[in-house]
Amino acid sequence: MMSVSGRNALFLPVFLVLFFVVLFGASFRAGAAPFASMVMDARTGEVLQSTNADTRLHPASLTKMMTLYIAFEAVEHGEIGLDTKVTISRKAANEVPSKLGLKAGQKIEFRYLIRAAAVKSANDAATAIGEAIEGSESAFARRMNRTAQALGMTRTTFKNMNGLTESGHLSTARDMTILGRHMFYDYPAYYNLFSRRSTDAKIRQVSNTNRKFLAAYKGADGIKTGYTNAAGSNLVASAQRGDTRIITTVFGATSSAARNAKVAQLMDLGFKKAPKRVAVRKPQLPNYSRTSSPGPGSKTIVVAKAVSRSMRPVARPSIPNAAAEVQTAALQLGIEAAVALAVSTAVTVKSDPKAQLGTATASAATALSANITLASAPVPKPRPRKINFAAAKPAASHDSDLQVVTRVSTSGGHHWGINVGKYPSRYSAERVLLKTALKEMATLDGALRKVSQSKSGFDANFVGLSEDQADLACRRLEARGEECTTFGPSGT
């Protein structure tokens, strides 16, 4: 049998072990990132569940959602093209992992940077995107914050384009859910990027950081993961079942596995609570604005501004006493004298339009003069009572006297066009026109393809555009590195 002293000797080490486990466990939990979440019905924007949704936390790589949102916006408005080659800066190349592996001075098409940032969550690619659009990290961060405010992300502040931990770089579960919803509805043509399990990023094939959740949860098709020590494991996810789409955001999970499990649980809750049938209310697309200096390779875009002054015509100055003064003159001087006065005054006004008449008599006199002129106009001769039109001989016509009268144009000012190059054969020009029309359907829809032959070759033109349509189409084509010039009604 063990003595009391022996039991005490055994109890002491066990007690110390348990004490340190509890102590370090409490310390670990205290240092963990705070947890926050939100579940939203994407169709209406209705919040179905939230926990600490307005607490400002580190978003980590969820930041890249905004970077990509602005990238899609820039491409759509012709600031930069998907095939524009971007020169990688030393700053971008030196970003810490996760990264694509870009080298300083390397040139790579913009589309591959988008793929790497969306799928691989590459920090170097995200930095290169921001620099390509706005020229510097600080300028791009200012644009990120302007865009966030326009989207209704009221508690978000961005300091960089990749989400690496930085003082003051904070967001909330609510704001990131709002951004995820805008991403889906504002740029649906690009949204499929987030569901790709892997993609070609030119340098190499990259795998999706969210591939496990995409594979495990039915209907999942995006959106973006994020992880740093300060943030914990974050995820904005979207899934659709039938006509119902749910967006779920989680901040501060302890691991990617715990994060995926929590998101799946909240997704199930969302699909259970969301109504089966509801009218879709898409979020309003924010007004496109660009106020900072453009980056290398980008275009300066002039956007519509609010009317600063009224275009209403100025009212004509009134002369209330004109009739009265003419009547007074007629009574005092007689009708003949009044008419003579009116005629003489009208002649004075005609010879000196700037003369200061001083009274309303001049206007009245002008009116009387006009009446006299009309009254003295020659009267046409009455039409003969009987005319034998059958017996009348047609006047001899001469070809030189013929005039061709064309109808008034109803094209609404669509007299502009664009030229996309001169080619050695009609076939080559028509082929380029067809390829360009397919690439640029958004701005060239409704334009007519026309090949014009000249001594130097065949011009490939699109005609039937307004001036604004022609200008926008050329900006977008030039952003892709393609040749384009506009011409107006005169052909210039």
Side-chain angles (χ1 to χ4, degrees), residues 71-85 109-111 114 133 185-192 282 285-290 294 297-305 307 311 399-400 402-492:
F72 302 152
E73 178 185 62
V75 171
E76 285 299 297
H77 288 86
E79 292 181 58
I80 192 169
L82 290 172
D83 293 318
T84 299
K85 289 195 173 182
E109 290 81 353
F110 192 66
R111 69 172 67 247
I114 289 177
I133 295 173
Y185 281 110
D186 293 356
Y187 297 104
Y190 300 90
Y191 182 78
N192 71 87
K282 296 181 180 180
L285 189 70
N287 292 329
Y288 171 68
S289 64
R290 178 179 176 80
S298 63
K299 303 290 181 180
T300 300
I301 308 299
V302 179
V303 298
K305 299 179 180 178
V307 176
M311 302 305 291
D399 293 340
S400 60
L402 295 178
Q403 294 183 351
V404 178
V405 180
T406 59
R407 65 182 177 89
V408 177
S409 172
T410 59
S411 61
H414 290 196
H415 305 300
W416 287 72
I418 65 171
N419 175 270
V420 292
K422 189 183 295 290
Y423 301 91
S425 68
R426 181 177 295 274
Y427 171 78
S428 300
E430 290 176 345
R431 183 179 179 185
V432 170
L433 286 174
L434 180 59
K435 290 174 65 176
T436 305
L438 292 174
K439 288 181 183 177
E440 197 51 49
M441 294 179 66
T443 53
L444 296 178
D445 184 31
L448 299 177
R449 302 194 297 271
K450 182 179 180 181
V451 177
S452 302
Q453 184 177 4
S454 62
K455 293 182 180 181
S456 55
F458 294 84
D459 287 296
N461 300 325
F462 287 93
V463 297
L465 300 168
S466 67
E467 183 176 3
D468 289 341
Q469 287 175 318
D471 186 52
L472 178 59
C474 262
R475 289 203 306 269
R476 288 168 61 96
L477 290 171
E478 288 172 349
R480 295 194 184 101
E482 299 181 21
E483 178 183 353
C484 182
T485 54
T486 62
F487 56 86
S490 63
T492 58

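Quick note: numbers below take in every heavy atom, side chains included, and nothing from hydrogens, waters or symmetry partners. Keep in mind it's a predicted model, so treat the numbers as computed, not measured. One-based numbering along the sequence shown.
- Going from atom CG of Leu477 over to atom CD1 of Ile418 covers 5.5 Å, rounded to the nearest 0.5 Å.
- Between Leu465 and Ala470, the shortest heavy-atom distance links the atoms CD1-CA, 4.0 Å.
- Trp416 approaches Phe487 most closely through the heavy-atom pair CE3-O, 3.2 Å.
- Pairing each heavy atom of Thr443 with each of Arg476, the nearest pair is CG2-CD, 3.7 Å.
- Tyr423 and Ser428 make their closest contact through CB-CB, 3.9 Å (heavy atoms, listed as atom of the first residue, atom of the second, distance).
- The CG atom of Asn192 sits 15.5 Å away from the OH atom of Tyr187 when rounded to the nearest 0.5 Å.
- The structure places CD of Glu109 at 14.0 Å from CZ of Arg480, a figure rounded to the nearest 0.5 Å.
- With Arg475 contributing its side chain and Glu79 its backbone, the two residues share no donor-acceptor pair below 3.5 Å.
- A pairwise comparison of heavy atoms in Ala479 and Gly78 identifies CB-O, 3.6 Å as the closest pair.
- Atom NZ of Lys450 sits in a sparse spot, with 12 or fewer heavy atoms from other residues, nucleotides or ligands closer than 6.0 Å.
- Residue Phe110 comes nearest to Gly81 through the heavy atom pair CB-O, 3.4 Å, listed as atom of the first residue, atom of the second, then distance.
- The only member of Lys422, Arg426, Arg449 that meets salt bridge (charged side-chain N to carboxylate O under 4.0 Å, His left out) when paired with Asp459 is Lys422.
- Of the inter-residue distances, the one linking Asp83 atom CG with Lys85 atom NZ reads 9.5 Å to the nearest 0.5 angstrom.
- Among Val463, Thr486, Thr485, the single residue meeting the side chain to side chain contact (heavy atoms under 4.5 Å, CB included) criterion with Asn419 is Thr485.
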Practice item. Begin with the C-alpha distance, continue with both residues' side-chain angles, and end with the deciding distance and a verdict on side chain to side chain contact (heavy atoms under 4.5 Å, CB included) for Tyr185 and Leu285. Key: CA-CA 9 Å; Tyr185 281 110; Leu285 189 70; over 6 Å; no
Quick one: do Ile80 and Val75 satisfy side chain to side chain contact (heavy atoms under 4.5 Å, CB included)? Show the steps, please.
CA-CA 5 Å; Ile80 192 169; Val75 171; 4.2 Å; yes
